[in-house]
There are 2 protein chains.
Amino acid sequence: MDEQRRDEELLAWVERVAAFFAKNNGLPLITGRVLGWLMVCDPPEQTAAQIAAAIGASKGSLSTAVRVLEAGGFVRTVTRPAERGVRLRVVDDVWERVARRKLEALGQFSGITADGLEILRDDPARAGRVRDAHRLFAWLEREIPPLFQRWEEDSS
Amino acid sequence: MDEQRRDEELLAWVERVAAFFAKNNGLPLITGRVLGWLMVCDPPEQTAAQIAAAIGASKGSLSTAVRVLEAGGFVRTVTRPAERGVRLRVVDDVWERVARRKLEALGQFSGITADGLEILRDDPARAGRVRDAHRLFAWLEREIPPLFQRWEEDSS
DNA sequence: ATTTGAGTTCAGTACGTACTAAACTGATTG
DNA sequence: CAATCAGTTTAGTACGTACTGAACTCAAAT
(Lines give C-alpha, C1' and ligand atoms only; values in the text may rest on other atoms or scores of the structure.)
Protein backbone atom coordinates (compact mmCIF):
# COMPACT_ATOMS: atom_id res chain seq x y z
CA MET A 1 0.00 0.00 0.00
CA ASP A 2 1.37 3.35 -1.05
CA GLU A 3 2.58 5.03 2.11
CA GLN A 4 2.62 8.59 0.87
CA ARG A 5 -0.71 8.26 -0.84
CA ARG A 6 -2.32 7.20 2.42
CA ASP A 7 -0.87 10.18 4.21
CA GLU A 8 -2.46 12.44 1.64
CA GLU A 9 -5.78 10.73 2.12
CA LEU A 10 -5.47 11.10 5.87
CA LEU A 11 -4.68 14.75 5.55
CA ALA A 12 -7.71 15.28 3.35
CA TRP A 13 -9.79 13.41 5.91
CA VAL A 14 -8.45 15.59 8.69
CA GLU A 15 -9.59 18.57 6.66
CA ARG A 16 -13.14 17.22 6.57
CA VAL A 17 -13.13 16.61 10.30
CA ALA A 18 -11.81 20.12 10.79
CA ALA A 19 -14.59 21.64 8.70
CA PHE A 20 -17.24 19.74 10.60
CA PHE A 21 -15.86 20.47 14.03
CA ALA A 22 -15.07 24.12 13.42
CA LYS A 23 -18.40 24.86 11.79
CA ASN A 24 -20.40 23.07 14.45
CA ASN A 25 -18.61 24.72 17.32
CA GLY A 26 -17.91 28.17 15.99
CA LEU A 27 -14.19 27.65 16.45
CA PRO A 28 -11.39 28.48 14.02
CA LEU A 29 -10.60 25.87 11.42
CA ILE A 30 -7.17 25.27 12.81
CA THR A 31 -8.56 23.91 16.06
CA GLY A 32 -10.47 21.36 14.03
CA ARG A 33 -7.32 20.42 12.15
CA VAL A 34 -5.44 19.82 15.36
CA LEU A 35 -8.25 17.71 16.72
CA GLY A 36 -8.63 15.78 13.49
CA TRP A 37 -4.93 15.11 13.27
CA LEU A 38 -4.83 13.90 16.86
CA MET A 39 -7.51 11.38 15.96
CA VAL A 40 -5.28 9.53 13.50
CA CYS A 41 -1.68 10.45 14.17
CA ASP A 42 0.97 7.96 15.14
CA PRO A 43 2.04 8.12 17.85
CA PRO A 44 -1.21 9.37 19.35
CA GLU A 45 0.61 11.79 21.62
CA GLN A 46 2.47 14.49 19.75
CA THR A 47 4.26 17.72 20.40
CA ALA A 48 2.97 21.03 19.14
CA ALA A 49 5.86 21.17 16.70
CA GLN A 50 4.96 17.79 15.23
CA ILE A 51 1.35 18.76 14.81
CA ALA A 52 2.26 22.09 13.28
CA ALA A 53 4.44 20.33 10.73
CA ALA A 54 1.76 17.77 9.96
CA ILE A 55 -1.07 20.19 9.30
CA GLY A 56 1.08 23.00 7.97
CA ALA A 57 0.40 25.63 10.60
CA SER A 58 2.65 28.09 12.36
CA LYS A 59 3.90 27.72 15.91
CA GLY A 60 1.93 30.75 16.95
CA SER A 61 -1.34 29.45 15.58
CA LEU A 62 -0.81 26.19 17.35
CA SER A 63 -0.21 27.92 20.64
CA THR A 64 -3.61 29.58 20.61
CA ALA A 65 -5.39 26.59 19.12
CA VAL A 66 -4.09 24.36 21.87
CA ARG A 67 -5.15 26.81 24.54
CA VAL A 68 -8.68 26.83 23.14
CA LEU A 69 -8.88 23.07 22.78
CA GLU A 70 -7.60 22.53 26.28
CA ALA A 71 -10.01 25.05 27.76
CA GLY A 72 -12.83 23.30 25.93
CA GLY A 73 -11.78 19.97 27.36
CA PHE A 74 -11.16 18.43 23.95
CA VAL A 75 -7.47 17.83 24.36
CA ARG A 76 -5.11 17.28 27.25
CA THR A 77 -1.40 17.44 27.73
CA VAL A 78 0.88 14.68 28.89
CA THR A 79 4.55 14.70 29.71
CA ARG A 80 7.16 12.04 29.14
CA PRO A 81 10.29 11.38 31.11
CA ALA A 82 13.43 12.77 29.52
CA GLU A 83 11.45 15.04 27.25
CA ARG A 84 11.45 18.78 27.45
CA GLY A 85 8.06 19.96 26.43
CA VAL A 86 4.60 18.57 26.59
CA ARG A 87 2.65 16.31 24.27
CA LEU A 88 -0.98 16.53 23.28
CA ARG A 89 -3.64 13.92 22.94
CA VAL A 90 -7.38 13.92 22.49
CA VAL A 91 -9.34 13.13 25.61
CA ASP A 92 -10.94 9.72 25.47
CA ASP A 93 -14.50 10.89 25.05
CA VAL A 94 -14.02 13.97 22.90
CA TRP A 95 -16.83 13.31 20.54
CA GLU A 96 -19.25 12.43 23.24
CA ARG A 97 -18.44 15.80 24.75
CA VAL A 98 -18.93 17.53 21.44
CA ALA A 99 -22.28 15.89 20.85
CA ARG A 100 -23.46 16.41 24.39
CA ARG A 101 -22.56 20.06 24.34
CA LYS A 102 -24.34 20.55 21.04
CA LEU A 103 -27.54 18.95 22.24
CA GLU A 104 -27.50 20.77 25.52
CA ALA A 105 -27.08 24.06 23.68
CA LEU A 106 -30.30 23.31 21.84
CA GLY A 107 -32.15 22.62 25.05
CA GLN A 108 -30.92 25.84 26.59
CA PHE A 109 -32.92 27.79 24.07
CA SER A 110 -35.88 27.01 26.30
CA GLY A 111 -34.54 29.69 28.61
CA ILE A 112 -35.01 32.27 25.89
CA THR A 113 -38.47 31.07 24.96
CA ALA A 114 -39.46 31.14 28.61
CA ASP A 115 -38.42 34.78 28.83
CA GLY A 116 -40.41 35.49 25.69
CA LEU A 117 -43.52 34.06 27.28
CA GLU A 118 -42.90 36.22 30.31
CA ILE A 119 -42.71 39.40 28.24
CA LEU A 120 -45.93 38.50 26.46
CA ARG A 121 -47.65 37.18 29.56
CA ASP A 122 -50.71 39.40 29.13
CA ASP A 123 -51.05 38.92 25.39
CA PRO A 124 -51.69 35.21 25.06
CA ALA A 125 -52.86 35.40 21.48
CA ARG A 126 -49.60 36.96 20.38
CA ALA A 127 -47.56 34.55 22.47
CA GLY A 128 -48.78 31.52 20.56
CA ARG A 129 -45.76 31.10 18.31
CA VAL A 130 -43.37 31.46 21.23
CA ARG A 131 -45.34 28.92 23.22
CA ASP A 132 -45.07 26.34 20.45
CA ALA A 133 -41.32 26.78 20.40
CA HIS A 134 -41.12 26.61 24.15
CA ARG A 135 -42.96 23.31 24.30
CA LEU A 136 -40.45 21.70 21.99
CA PHE A 137 -37.31 22.99 23.65
CA ALA A 138 -38.51 22.26 27.15
CA TRP A 139 -39.27 18.73 25.99
CA LEU A 140 -35.82 18.43 24.42
CA GLU A 141 -34.18 19.65 27.58
CA ARG A 142 -35.88 16.86 29.47
CA GLU A 143 -35.11 14.17 26.91
CA ILE A 144 -31.43 14.83 26.25
CA PRO A 145 -30.02 13.52 29.55
CA PRO A 146 -31.79 10.15 29.37
CA LEU A 147 -30.66 9.86 25.77
CA PHE A 148 -27.04 9.99 26.80
CA GLN A 149 -27.72 7.75 29.73
CA ARG A 150 -28.91 5.14 27.26
CA TRP A 151 -25.75 5.65 25.25
CA GLU A 152 -23.64 4.98 28.30
CA GLU A 153 -25.55 1.78 28.92
CA ASP A 154 -25.64 0.63 25.31
CA SER A 155 -21.94 1.19 24.82
CA SER A 156 -20.66 -0.46 27.94
CA MET B 1 -48.41 48.23 31.26
CA ASP B 2 -45.98 50.55 29.51
CA GLU B 3 -46.44 49.96 25.82
CA GLN B 4 -43.15 51.37 24.61
CA ARG B 5 -41.19 49.66 27.33
CA ARG B 6 -42.54 46.29 26.28
CA ASP B 7 -41.56 46.92 22.68
CA GLU B 8 -38.03 47.56 23.83
CA GLU B 9 -38.04 44.34 25.78
CA LEU B 10 -39.36 42.46 22.80
CA LEU B 11 -36.68 43.92 20.57
CA ALA B 12 -34.00 42.88 23.03
CA TRP B 13 -35.54 39.42 23.12
CA VAL B 14 -35.51 39.25 19.33
CA GLU B 15 -31.83 40.04 19.50
CA ARG B 16 -31.22 37.03 21.73
CA VAL B 17 -33.16 34.76 19.44
CA ALA B 18 -31.19 36.14 16.53
CA ALA B 19 -27.89 35.40 18.21
CA PHE B 20 -28.92 31.86 19.03
CA PHE B 21 -30.33 31.10 15.62
CA ALA B 22 -27.57 32.70 13.61
CA LYS B 23 -24.79 31.14 15.63
CA ASN B 24 -26.33 27.70 15.59
CA ASN B 25 -26.99 27.71 11.89
CA GLY B 26 -24.06 29.64 10.52
CA LEU B 27 -26.37 32.25 9.04
CA PRO B 28 -26.05 36.04 9.17
CA LEU B 29 -27.43 37.73 12.23
CA ILE B 30 -30.04 39.55 10.25
CA THR B 31 -31.77 36.30 9.28
CA GLY B 32 -32.11 35.54 12.97
CA ARG B 33 -33.56 38.98 13.60
CA VAL B 34 -36.18 38.49 10.94
CA LEU B 35 -37.08 35.11 12.31
CA GLY B 36 -37.17 36.36 15.89
CA TRP B 37 -39.33 39.30 14.96
CA LEU B 38 -41.74 37.08 13.09
CA MET B 39 -42.14 35.03 16.26
CA VAL B 40 -43.68 37.90 18.20
CA CYS B 41 -44.88 40.55 15.78
CA ASP B 42 -48.45 41.66 15.51
CA PRO B 43 -49.91 40.96 13.06
CA PRO B 44 -48.00 37.72 12.55
CA GLU B 45 -47.82 38.26 8.81
CA GLN B 46 -45.82 41.30 7.83
CA THR B 47 -44.32 42.90 4.77
CA ALA B 48 -40.60 43.17 4.24
CA ALA B 49 -40.86 46.93 4.75
CA GLN B 50 -42.53 46.48 8.14
CA ILE B 51 -39.93 44.02 9.27
CA ALA B 52 -37.11 46.21 8.06
CA ALA B 53 -38.50 49.14 10.03
CA ALA B 54 -38.97 46.99 13.13
CA ILE B 55 -35.49 45.56 13.30
CA GLY B 56 -33.73 48.52 11.74
CA ALA B 57 -32.36 46.90 8.61
CA SER B 58 -32.15 48.07 5.03
CA LYS B 59 -34.42 46.95 2.25
CA GLY B 60 -31.51 45.29 0.49
CA SER B 61 -30.51 43.28 3.52
CA LEU B 62 -34.03 42.10 3.97
CA SER B 63 -34.26 40.96 0.41
CA THR B 64 -31.36 38.56 0.78
CA ALA B 65 -32.31 37.50 4.30
CA VAL B 66 -35.78 36.55 3.13
CA ARG B 67 -34.39 34.57 0.24
CA VAL B 68 -32.20 32.59 2.60
CA LEU B 69 -34.95 31.98 5.13
CA GLU B 70 -37.35 30.87 2.46
CA ALA B 71 -34.81 28.52 0.89
CA GLY B 72 -34.17 27.06 4.32
CA GLY B 73 -37.87 26.49 4.84
CA PHE B 74 -38.04 28.71 7.91
CA VAL B 75 -40.37 31.30 6.51
CA ARG B 76 -43.04 31.39 3.85
CA THR B 77 -44.82 34.09 1.95
CA VAL B 78 -48.52 34.76 1.85
CA THR B 79 -50.54 37.19 -0.17
CA ARG B 80 -53.63 39.11 0.76
CA PRO B 81 -56.39 40.33 -1.48
CA ALA B 82 -56.15 44.00 -2.39
CA GLU B 83 -52.52 44.16 -1.34
CA ARG B 84 -49.65 44.71 -3.67
CA GLY B 85 -46.72 42.81 -2.28
CA VAL B 86 -46.24 39.73 -0.25
CA ARG B 87 -46.23 39.13 3.48
CA LEU B 88 -43.99 36.86 5.48
CA ARG B 89 -44.70 34.49 8.30
CA VAL B 90 -42.78 31.77 10.08
CA VAL B 91 -43.73 28.27 9.09
CA ASP B 92 -45.64 26.49 11.81
CA ASP B 93 -42.91 24.10 12.85
CA VAL B 94 -39.84 26.28 12.38
CA TRP B 95 -38.13 25.29 15.53
CA GLU B 96 -38.77 21.64 15.09
CA ARG B 97 -37.07 21.99 11.72
CA VAL B 98 -34.17 23.82 13.28
CA ALA B 99 -33.70 21.21 15.99
CA ARG B 100 -34.14 18.31 13.61
CA ARG B 101 -31.62 19.68 11.18
CA LYS B 102 -29.13 20.26 13.94
CA LEU B 103 -29.39 16.76 15.29
CA GLU B 104 -29.26 15.18 11.88
CA ALA B 105 -26.12 17.14 11.11
CA LEU B 106 -24.50 15.52 14.13
CA GLY B 107 -25.46 12.06 12.98
CA GLN B 108 -24.07 12.70 9.52
CA PHE B 109 -20.60 12.91 10.97
CA SER B 110 -20.73 9.13 11.01
CA GLY B 111 -20.13 9.31 7.27
CA ILE B 112 -16.80 10.98 7.90
CA THR B 113 -15.78 8.56 10.60
CA ALA B 114 -16.71 5.65 8.36
CA ASP B 115 -14.37 6.99 5.68
CA GLY B 116 -11.65 7.35 8.29
CA LEU B 117 -11.99 3.71 9.22
CA GLU B 118 -11.75 2.81 5.57
CA ILE B 119 -8.51 4.72 5.10
CA LEU B 120 -7.02 3.03 8.16
CA ARG B 121 -8.48 -0.36 7.39
CA ASP B 122 -5.14 -2.15 7.61
CA ASP B 123 -3.88 -0.34 10.67
CA PRO B 124 -6.42 -1.29 13.32
CA ALA B 125 -4.31 -0.09 16.23
CA ARG B 126 -4.16 3.40 14.81
CA ALA B 127 -7.85 3.40 13.94
CA GLY B 128 -8.93 3.01 17.55
CA ARG B 129 -9.78 6.64 18.19
CA VAL B 130 -11.75 6.91 14.98
CA ARG B 131 -13.62 3.74 15.80
CA ASP B 132 -14.71 5.13 19.17
CA ALA B 133 -16.09 8.22 17.48
CA HIS B 134 -17.79 6.16 14.82
CA ARG B 135 -19.61 4.04 17.37
CA LEU B 136 -21.14 7.10 18.96
CA PHE B 137 -22.23 8.85 15.79
CA ALA B 138 -23.62 5.74 14.19
CA TRP B 139 -25.62 5.20 17.37
CA LEU B 140 -26.84 8.79 17.30
CA GLU B 141 -27.86 8.48 13.70
CA ARG B 142 -30.03 5.53 14.64
CA GLU B 143 -31.51 7.18 17.72
CA ILE B 144 -32.44 10.60 16.35
CA PRO B 145 -35.41 9.58 14.21
CA PRO B 146 -37.22 7.70 17.00
CA LEU B 147 -36.55 10.64 19.29
CA PHE B 148 -38.52 12.96 17.05
CA GLN B 149 -41.13 10.32 16.53
CA ARG B 150 -41.70 10.35 20.28
CA TRP B 151 -41.94 14.12 20.14
CA GLU B 152 -44.66 13.91 17.53
CA GLU B 153 -46.55 11.48 19.71
CA ASP B 154 -46.02 13.32 22.99
CA SER B 155 -47.11 16.64 21.55
CA SER B 156 -50.22 15.53 19.77
C1' DA C 1 -49.28 56.87 -20.09
C1' DT C 2 -47.52 58.10 -15.92
C1' DT C 3 -46.81 57.13 -11.40
C1' DT C 4 -46.28 54.37 -7.47
C1' DG C 5 -44.28 51.06 -4.73
C1' DA C 6 -42.34 46.25 -3.96
C1' DG C 7 -38.49 43.90 -4.59
C1' DT C 8 -33.68 42.85 -6.67
C1' DT C 9 -29.01 43.79 -7.74
C1' DC C 10 -24.67 45.60 -7.13
C1' DA C 11 -20.82 48.41 -5.83
C1' DG C 12 -18.66 49.86 -1.92
C1' DT C 13 -17.61 50.00 3.11
C1' DA C 14 -16.75 48.44 7.48
C1' DC C 15 -15.47 45.06 10.39
C1' DG C 16 -14.11 41.01 12.52
C1' DT C 17 -10.95 37.45 12.71
C1' DA C 18 -7.84 33.59 11.29
C1' DC C 19 -3.26 33.15 10.51
C1' DT C 20 1.76 34.15 10.07
C1' DA C 21 6.31 35.78 11.18
C1' DA C 22 9.28 37.38 14.27
C1' DA C 23 10.59 38.97 18.56
C1' DC C 24 10.50 37.60 23.16
C1' DT C 25 10.38 34.71 27.77
C1' DG C 26 11.99 31.43 30.61
C1' DA C 27 13.15 26.97 31.83
C1' DT C 28 16.53 23.14 30.80
C1' DT C 29 20.83 21.19 29.11
C1' DG C 30 25.74 20.84 28.48
C1' DC D 1 27.52 30.68 31.81
C1' DA D 2 26.19 29.97 27.22
C1' DA D 3 23.22 27.70 24.23
C1' DT D 4 19.06 25.53 23.12
C1' DC D 5 14.47 24.78 22.70
C1' DA D 6 9.25 24.96 24.02
C1' DG D 7 6.00 28.03 24.14
C1' DT D 8 3.77 32.92 24.29
C1' DT D 9 2.88 37.38 22.63
C1' DT D 10 2.13 40.81 19.37
C1' DA D 11 2.05 43.50 15.21
C1' DG D 12 0.58 43.08 10.81
C1' DT D 13 -1.75 41.00 6.73
C1' DA D 14 -5.14 38.89 4.21
C1' DC D 15 -9.58 37.62 3.60
C1' DG D 16 -14.27 36.83 3.90
C1' DT D 17 -18.64 38.64 4.54
C1' DA D 18 -22.56 41.27 6.61
C1' DC D 19 -24.71 45.28 5.63
C1' DT D 20 -26.03 49.71 3.44
C1' DG D 21 -27.45 52.91 -0.21
C1' DA D 22 -28.67 53.79 -4.52
C1' DA D 23 -29.74 52.56 -8.98
C1' DC D 24 -32.69 49.61 -11.38
C1' DT D 25 -36.79 46.39 -12.90
C1' DC D 26 -41.27 45.44 -13.31
C1' DA D 27 -46.00 44.84 -12.09
C1' DA D 28 -50.06 47.23 -10.44
C1' DA D 29 -52.76 51.43 -9.82
C1' DT D 30 -54.73 55.72 -11.26
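Side-chain atoms are counted along with the backbone in the values below, which use heavy atoms only and exclude waters and symmetry mates. Convention: sequence-line order gives letters A, B, ...; per-chain numbering from 1.
Between A:R129 and B:D92 there is no salt bridge, since no side-chain N of the basic residue sits under 4.0 Å from a carboxylate O of the acidic one. A salt bridge links A:D93 to A:R97: one of the charged nitrogens lies within less than 4.0 Å of a carboxylate oxygen. The pair B:D132-B:R135 counts as a salt bridge, with a side-chain nitrogen and a carboxylate oxygen less than 4.0 angstrom apart. The pair A:E70-A:R76 does not count as a salt bridge, with every side-chain nitrogen at least 4.0 angstrom from each carboxylate oxygen.
Taking a heavy-atom distance under 4.0 Å as the criterion, the stretch of DNA chain D touched by chain B extends 5' to 3' from D:dA18 to D:dA29.
Here C:dA21 presents its C1' atom at 15 Å from CG of A:L62, a figure rounded to the nearest Å.
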Distances under 3.5 Å only, N/O to N/O: pair up the protein atoms with those of nucleotides 9-11 of chain C.
| unit_1 | atom_1 | unit_2 | atom_2 | d |
| --- | --- | --- | --- | --- |
| C:dT9 | OP2 | B:R67 | NH1 | 3.1 |

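Contact check for A:P44 versus A:R89: no side-chain heavy atoms found under the 4.5 Å cut-off.
Near DNA chain C, meaning a heavy atom under 4.0 Å away, the residues from residues 77-91 of chain B are B:R84, B:G85, B:V86. Using a 4.0 Å cut-off on heavy atoms, the residues of residues 35-58 of chain A that approach DNA chain C are A:G56, A:A57, A:S58, listed by number.
Remark: A:R100 is positioned above the aromatic ring of A:F148, its terminal NZ or CZ atom under 6.0 angstrom from the ring centre and at most 45 degrees off the axis.
Under the 3.5 Å distance criterion, with hydrogens and angles disregarded, no donor-acceptor pair is assigned to the side chains of A:T113 and A:S110.
Taking A:W139 as the reference, B:W151 meet the ring-ring contact (aromatic ring centres under 6.0 Å, His included) condition, with sequence neighbours excluded. With sequence neighbours left out, B:F109 forms a ring-ring contact (aromatic ring centres under 6.0 Å, His included) with A:F20, A:W95, B:F137.
In this structure a side-chain-to-backbone donor-acceptor pair under 3.5 Å is present from A:R126 to B:V40. Distance alone, capped at 3.5 Å, places no donor-acceptor pair between the B:N25 side chain and the B:L27 backbone.
Nearest heavy-atom pair, A:E152 versus A:E96, reported as atom, atom and distance to 0.1 Å: OE2-OE2, 2.7 Å.
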